[in-house]
Amino acid sequence: MNIIFICLFSILVLPQLPWWAISITASMAGLLSKKYLTAMLNGFICGAVPWSVAFIYKYYSGAEIIMQRVADMISVQNWIGLLLVTAVIGGVVGLLGSVCAYSFKKAFKDQFIQP
């Protein structure tokens, strides 16, 4: 449920922020994770899904020509390949932000105030 909320928040907020802000929103997933592997998976999902949604929205709102040219520049056959590359880039950025936040939480676990 937290991942869905973070993805929706990212989809609404990220169009007004720079590209690297996806790592900040994905760090919320890292802070909420219980294990290292779940932090990695949740961070990847929280990075890949909003970037993919933004890509599809831009593609169908009139940017298909520029996206096809970018796909040709990086030697991808069509826009679906470019979508996969975009999702992987967003996922890796989200993964790094989430793992960083999880590591921060683990490092300072004993110094947090517990109610």
Side-chain angles (χ1 to χ4, degrees):
M1 190 66 178
N2 292 332
I3 302 305
I4 295 169
F5 175 72
I6 293 169
C7 286
L8 289 175
F9 176 74
S10 297
I11 290 169
L12 294 174
V13 171
L14 289 176
Q16 287 80 28
L17 297 174
W19 67 269
W20 49 266
I22 194 75
S23 65
I24 296 170
T25 57
S27 67
M28 290 186 274
L31 289 175
L32 297 173
S33 296
K34 303 280 188 229
K35 295 181 181 178
Y36 187 75
L37 185 63
T38 58
M40 290 176 61
L41 182 63
N42 293 342
F44 189 86
I45 291 170
C46 288
V49 170
W51 272 29
S52 299
V53 169
F55 180 89
I56 292 169
Y57 174 74
K58 295 287 185 184
Y59 184 79
Y60 285 113
S61 66
E64 64 269 357
I65 295 172
I66 190 75
M67 288 185 184
Q68 187 60 44
R69 289 184 182 173
V70 170
D72 291 340
M73 283 191 321
I74 62 172
S75 300
V76 178
Q77 299 299 323
N78 54 13
W79 68 272
I80 296 173
L82 189 61
L83 173 65
L84 293 175
V85 170
T86 301
V88 167
I89 291 171
V92 168
V93 172
L95 181 138
L96 292 174
S98 178
V99 167
C100 181
Y102 179 76
S103 299
F104 182 81
K105 182 178 97 170
K106 290 290 276 190
F108 296 105
K109 182 179 180 180
D110 59 341
Q111 296 181 7
F112 288 138
I113 298 172
Q114 299 292 331

If you define the side chain from C-beta out and look only at heavy atoms, does anything of [X] sit under 4.5 Å from [Y]?
{"X": "Leu32", "Y": "Ile6", "answer": "yes"}
{"X": "Leu82", "Y": "Phe55", "answer": "yes"}
{"X": "Ile22", "Y": "Thr25", "answer": "yes"}
{"X": "Phe9", "Y": "Leu14", "answer": "no"}

query: Should the pair Trp19 and Trp51 be assigned to parallel (<30°), tilted (30 to 60°) or perpendicular (>60°) ring geometry?
result: perpendicular

Heavy-atom closest pair, residues [X] and [Y]:
{"X": "Gly43", "Y": "Ala29", "value": "N-CB, 4.5 Å"}
{"X": "Ser52", "Y": "Ala48", "value": "OG-O, 2.8 Å"}
{"X": "Pro15", "Y": "Ser10", "value": "CD-O, 4.2 Å"}
{"X": "Thr38", "Y": "Lys34", "value": "OG1-N, 3.8 Å"}

Between the side chain of [X] and the main-chain N/O of [Y], is any donor-acceptor distance below 3.5 Å?
{"X": "Ser98", "Y": "Gly94", "answer": "no"}
{"X": "Lys105", "Y": "Ser33", "answer": "yes"}
{"X": "Asn42", "Y": "Ile45", "answer": "no"}

Let me check something: do [X] and [Y] share a hydrophobic cluster, defined by ILVMFWY side-chain heavy atoms less than 4.5 Å apart, either directly or through other members?
{"X": "Met40", "Y": "Phe104", "answer": "no"}
{"X": "Leu41", "Y": "Leu95", "answer": "no"}
{"X": "Trp20", "Y": "Phe44", "answer": "no"}
{"X": "Val53", "Y": "Ile3", "answer": "yes"}
{"X": "Ile80", "Y": "Ile65", "answer": "no"}

query: To the nearest 0.5 Å, what is the distance between OG1 (Thr86) and NZ (Lys58)?
result: 13.0 Å

message: Would you say that more than 12 heavy atoms from the other residues, nucleotides or ligands in this model lie under 6.0 Å from the CD of Gln77, or not?
response: no

- prompt: For atom CG of Leu12, is the number of surrounding heavy atoms from other residues, nucleotides or ligands below 6.0 Å larger than 12?
  reply: yes

query: By side chain to side chain donor-acceptor pair (under 3.5 Å), which residues pair with Ser27, not counting sequence neighbours?
result: none

